[in-house]
Number of protein chains: 2
Amino acid sequence: MNRFLSHATNRIDAKGRVSVPSAFRSVLSDGGVRELYCFQDFVFPAISVGGPELLDRFERQMAAEDPFSPEANEMSLLVHGGGVFVKLDPEGRLMMTDFIRDFTGISTDVMFVGRGDYFQLWEPQAFQKAQAAAREGRKSRGLRPE
Amino acid sequence: MNRFLSHATNRIDAKGRVSVPSAFRSVLSDGGVRELYCFQDFVFPAISVGGPELLDRFERQMAAEDPFSPEANEMSLLVHGGGVFVKLDPEGRLMMTDFIRDFTGISTDVMFVGRGDYFQLWEPQAFQKAQAAAREGRKSRGLRPE
DNA sequence: TCCATTCCCATTGACGCCCATATGGTCCCA
DNA sequence: TGGGACCATATGGGCGTCAATGGGAATGGA
């Protein structure tokens with residue numbers, strides 16, 4: 001298993017730490033990743049988390065455009081400034097900073113959602129709602145599940 | 001980590017000093033930079049800060065445009081004439097001068113925003129607004145990180 | 001001489017590292 | 001097939017270290 005799949009909910013302790021699910025940790029350690037890059041999702045109130053190569057991907061995308069264009073400048077603001085690097089502690093936990101809490105609404109529990117190359121941090125109820133809304137939208141457009 | 005990434009907010013003390021985040025300081029010292037060059041951003045109410053080589057970067061940008069265009073002329077005025085050199089104190093702090101305060105609106109707290117080759121100083125709430133606007137623009141154009 | 005800046009040292013509070021405990025699931029063996 | 005030992009994960013908390021901050025002393029320019 002070398003990709004982030006499935007989901008799990010863990011509790012934040014008194015110090016503001018939360019364990020990354022074991023399955024996700026082994027994906028990370030298989031990739032030799034010890035520092036994580038986190039940024040605000042562009043659509044949902046969720047934080048996306050992955051290895052530094054996630055940032056590389058954005059930077060390639062920016063490099064493809066005119067590096068001095070307003071669009072590139074704007075994207076740099078989001079990607080460089082809107083992202084943070086965090087480290088896991090020896091037990092595989094990460095800190096829930098205000099940056100993460102404010103954007104997601106997370107308070108006591110964190111839902112980890114696998115997205116393939118990366119995973120996301122959600123406030124559990126917000127995820128339920130977003131999922132229900134997505135289902136509803138899909139249904140109303142007469143689409144079948146993939 | 002040899003680039004300015006992530007972000008952090010620090011408080012200005014009674015003497016008008018503020019600590020540069022440790023991660024940024026190590027980037028500077030790795031590059032052997034002791035003196036910093038600061039000037040006003042062209043788009044946002046923020047001060048851009050970097051080593052002296054930051055000048056080269058923006059001179060290239062100006063060279064890319066018509067050197068006699070009003071934009072290039074304006075950039076030259078800001079970069080060459082509007083910039084100031086500042087030094088860090090032994091603890092890694094810098095002074096918040098009126099030059100910086102007036103342009104950014106900074107009063108009690110400073111947000112340090114990594115931009116890759118350089119970093120910026122923002123008034124925290126102004127950053128929130130600019131980022132929200134950037135995200136909104138991106139969303140409406142239907143762009144996604146992946 | 002006065003004021004502002006620079007340097008030096010003290011404090012404190014957050015974070016990282018360590019070890020301990022709980023909990024749930026699995027495997028083995030009777 | 002049921003019980004019990006064992007293991008892995010998640011969680012809780014103590015403690016040391018370092019970054020951020022605050023304030024006093026020294027320095028230098030007006």
Side-chain angles (χ1 to χ4, degrees), chain A residues 1 4-30 33-38 47 49 83-102 106-114 119-124, chain B residues 1 4-30 33-38 49 84-102 106-114 119-124:
Chain A
M1 180 87 64
F4 300 102
L5 300 172
S6 188
H7 58 92
T9 301
N10 286 338
R11 164 187 294 269
I12 300 175
D13 71 14
K15 286 182 171 181
R17 302 170 299 184
V18 62
S19 294
V20 174
S22 167
F24 289 4
R25 289 205 307 264
S26 43
V27 175
L28 292 171
S29 65
D30 285 356
V33 175
R34 205 168 150 76
E35 205 158 32
L36 299 175
Y37 174 68
C38 311
I47 298 287
V49 184
V84 282
F85 276 89
V86 300
K87 266 178 39 186
L88 293 184
D89 75 6
E91 284 76 36
R93 291 179 283 199
L94 52 84
M95 288 291 299
M96 288 293 109
T97 61
D98 285 342
F99 169 73
I100 297 176
R101 293 173 185 267
D102 292 346
I106 287 171
S107 59
T108 62
D109 294 83
V110 182
M111 180 156 187
F112 292 80
V113 179
F119 63 90
Q120 291 184 325
L121 311 178
W122 285 76
E123 198 287 315
Chain B
M1 183 85 64
F4 299 102
L5 300 171
S6 191
H7 59 91
T9 301
N10 287 338
R11 169 168 302 131
I12 301 175
D13 70 15
K15 290 183 178 178
R17 303 169 300 184
V18 63
S19 294
V20 174
S22 168
F24 288 5
R25 290 205 307 262
S26 43
V27 175
L28 293 172
S29 66
D30 285 357
V33 176
R34 273 200 82 75
E35 205 159 32
L36 299 174
Y37 193 67
C38 313
V49 185
V84 290
F85 280 97
V86 299
K87 266 178 36 187
L88 294 184
D89 75 6
E91 284 76 37
R93 291 180 281 200
L94 52 84
M95 288 291 299
M96 287 293 108
T97 61
D98 285 341
F99 168 72
I100 297 176
R101 292 174 186 267
D102 293 345
I106 287 171
S107 58
T108 62
D109 294 84
V110 182
M111 180 158 184
F112 292 80
V113 178
F119 64 90
Q120 291 184 325
L121 310 179
W122 285 75
E123 198 286 316

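What you see is a predicted model; the values in this text were computed from it and never measured. Lettering follows sequence order; numbering is per chain, from 1.
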Are B/H7 and B/W122 close enough that some pair of their side-chain heavy atoms sits under 4.5 Å apart?
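The answer is no; the side chains never approach within 4.5 Å.
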Please report the interatomic distance CG(B/L94) to CG(B/N10), rounded to the nearest 0.5 Å.
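Rounded to the nearest 0.5 Å, the CG-CG separation comes to 10.0 Å.
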Once you round to the nearest 0.5 Å, how far does CG of B/L36 lie from NZ of B/K87?
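Reported value, rounded in 0.5 Å steps: 11.0 Å.
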Applying side chain to side chain donor-acceptor pair (under 3.5 Å), can you list everything that pairs with A/E91, at least two apart in sequence or on another chain?
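A/R93.
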What residues, two or more places apart in sequence or in another chain, satisfy side chain to side chain donor-acceptor pair (under 3.5 Å) together with A/D109?
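Counting only residues at least two positions away or on another chain, A/D109 forms no side chain to side chain donor-acceptor pair (under 3.5 Å).
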Under 3.5 Å, which donor-acceptor pairs link side chains of residues 15-24 of chain A to any protein atom two or more places apart or in another chain?
| residue | atom | partner | partner atom | Å |
| --- | --- | --- | --- | --- |
| A/R17 | NE | A/D13 | OD2 | 2.7 |
| A/R17 | NH2 | A/D13 | OD2 | 2.9 |

With side chain to side chain contact (heavy atoms under 4.5 Å, CB included) as the criterion, how do B/F4 and B/V49 come out once you've worked through the C-alpha distance, each side chain's angles and the decisive distance to 0.1 Å?
CA-CA 10 Å; B/F4 299 102; B/V49 185; over 6 Å; no
[atom1] of [X] versus [atom2] of [N]: gap in Å, rounded?
X     : N      : atom1 : atom2 : answer
A/E35 : C/dC15 : CD    : P     : 15 Å
A/I12 : D/dG12 : CD1   : C1'   : 15 Å
A/F85 : C/dC15 : CZ    : P     : 18 Å
B/L94 : D/dT21 : CG    : P     : 12 Å

Please step through side chain to side chain contact (heavy atoms under 4.5 Å, CB included) for the pair A/V110 and A/I100, ending with a clear verdict.
CA-CA 11 Å; A/V110 182; A/I100 297 176; over 6 Å; no
List the steps, then state whether side chain to side chain contact (heavy atoms under 4.5 Å, CB included) holds for A/T108 with A/R11.
CA-CA 6 Å; A/T108 62; A/R11 164 187 294 269; 5.7 Å; no
Return the polar atom pairs (N/O with N/O) between nucleotides 16-20 of chain D and the protein under 3.5 Å, or none.
| residue | atom | partner | partner atom | Å |
| --- | --- | --- | --- | --- |
| D/dA20 | OP1 | B/S22 | N | 3.2 |
| D/dA20 | OP2 | B/S22 | N | 3.4 |
| D/dA20 | OP2 | B/R25 | NH1 | 3.0 |

Hey, can you tell me if A/F119 and A/F112 have their rings parallel, tilted or perpendicular (30° and 60° cut-offs)?
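It falls in the tilted class, 30° to 60°.
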The contact string for nucleotides 5-11 of chain C, one letter per nucleotide 5' to 3', using protein heavy atoms under 4.0 Å with B, S and - for base, sugar-phosphate only and none, comes out as -BBBB--
Terminal axis angle for the helix from C/dT1-D/dA30 to C/dA30-D/dT1, five pairs an end, nearest 10 degrees:
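If I round to tens, the end axes sit 10° apart.
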